[in-house]
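Worksheet: one structure, shown below.
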Amino acid sequence: MPFNEKTAIDQIAAQERSIAGVANSYPYAENPDSLNNALPAVIHFIPSFTSTQRGFHNLWANSLVFNSVVFVIPRDAGGGKLRYIENAAIPFGQKWRDKFQDDTVITNLLSNLAGVKVFLSGGQYGAGGNLLTYAATEYCGWIMTWEIVNA
């Protein structure tokens with residue numbers, strides 16, 4: 001099967017939409033202009049990839065990193081009191097681990113992405129900043145990191 005990050009991200013987004021509390025996880029290249037208070041919401045982007053020749057010019061090993069950015073709640077919600085907004089955002093780290101370390105989910109992903117391995121490799125909690133600001137609004141949430149490799 002050709003290496004296809006659209007299919008991989010769409011499969012991940014479908015699983016993310018099934019996580020309790022997630023309002024939407026946007027498919028590949030369909031990130032919205034604004035989140036319209038439909039939170040928590042997840043957008044995706046691919047910050048890097050590597051390609052290594054495995055044959056002459058027609059056989060390649062591709063590996064890419066992509067991020068699921070989980071926007072849970074605006075940083076200024078609850079009067080800006082971090083204890084309120086952090087309490088809303090913190091549980092999503094475990095929710096992602098529970099979902100994407102489940103044998104049924106992993107088996108489903110691997111079977112739907114024949115020849116491609118996709119695994120959650122980490123997550124980072126944050127409050128605002130470069131990746132957790134969307135349409136000029138800072139959010140509390142998570143930056144989940146995925147690794148996709150064609151086998």
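Keep in mind that this is a model prediction, so the values were computed, not measured. All values below come from the heavy atoms of this structure, side chains included, with hydrogens, waters and symmetry mates left out.
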Check [X] against [Y] and note the closest heavy-atom contact, atom names and distance.
X      : Y      : answer
Lys95  : Ile19  : CB-CG2, 3.8 Å
Leu35  : Ala41  : CD2-CB, 4.0 Å
Ile43  : Pro32  : CG2-CD, 4.0 Å
Gly21  : Pro40  : O-CD, 2.9 Å
Val118 : Leu110 : N-CD2, 4.4 Å
Asp33  : Tyr134 : O-CE2, 3.9 Å

Cluster overlap [X] with [Y], hydrophobic side-chain contacts below 4.5 Å:
X      : Y      : value
Ile46  : Leu109 : yes
Val105 : Leu113 : yes
Leu120 : Phe49  : yes
Val149 : Val65  : no

Any side-chain to backbone donor/acceptor pair from [X] onto [Y]? Under 3.5 Å, distance only.
X      : Y      : answer
Thr107 : Thr104 : no
Arg75  : Tyr139 : no
Asn150 : Ala61  : no
Asn36  : Ala38  : no
Asn112 : Asn108 : yes

State the [atom1]-[atom2] distance between [X] and [Y], to the nearest 0.5 angstrom.
X      : Y      : atom1 : atom2 : answer
Ser68  : Gln15  : OG    : CD    : 11.5 Å
Asn87  : Cys140 : CG    : SG    : 10.5 Å
Ile148 : Ser63  : CD1   : OG    : 8.5 Å
Thr7   : Ile12  : OG1   : CD1   : 12.0 Å

| task | Could you tell me how the ring of Phe100 sits relative to the ring of Trp146: parallel (under 30°), tilted (30 to 60°) or perpendicular (over 60°)? | result |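 Phe100 vs Trp146 ring planes: perpendicular.
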
Close side-chain approach of [X] to [Y], heavy-atom, < 4.5 Å:
X      : Y      : value
Phe92  : Val22  : yes
Ile143 : Leu132 : yes
Phe119 : Ile106 : yes
Phe66  : Glu5   : no
Asp10  : Tyr26  : no
Met144 : Asn67  : no
Lys99  : Ser18  : yes
Phe71  : Leu39  : yes

| task | Taking the six-membered ring for Trp and the full ring for Phe, Tyr or His, determine whether the centres of Trp142 and Tyr125 are under 6.0 Å apart. | result | yes

| request: Ignoring hydrogens and angles, state whether a donor on the side chain of Glu16 or His44 is under 3.5 Å from an acceptor on the partner side chain. | output: yes

| Is it true that atom CG of Asn130 has more than 12 heavy atoms of other residues, nucleotides or ligands lying nearer than 6.0 Å? | no

| query | Does atom CZ of Phe45 have more than 12 heavy-atom neighbours, drawn from other residues, nucleotides or ligands, at distances under 6.0 Å? | reply |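 It does: Phe45 CZ has more than 12 such atoms within range.
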
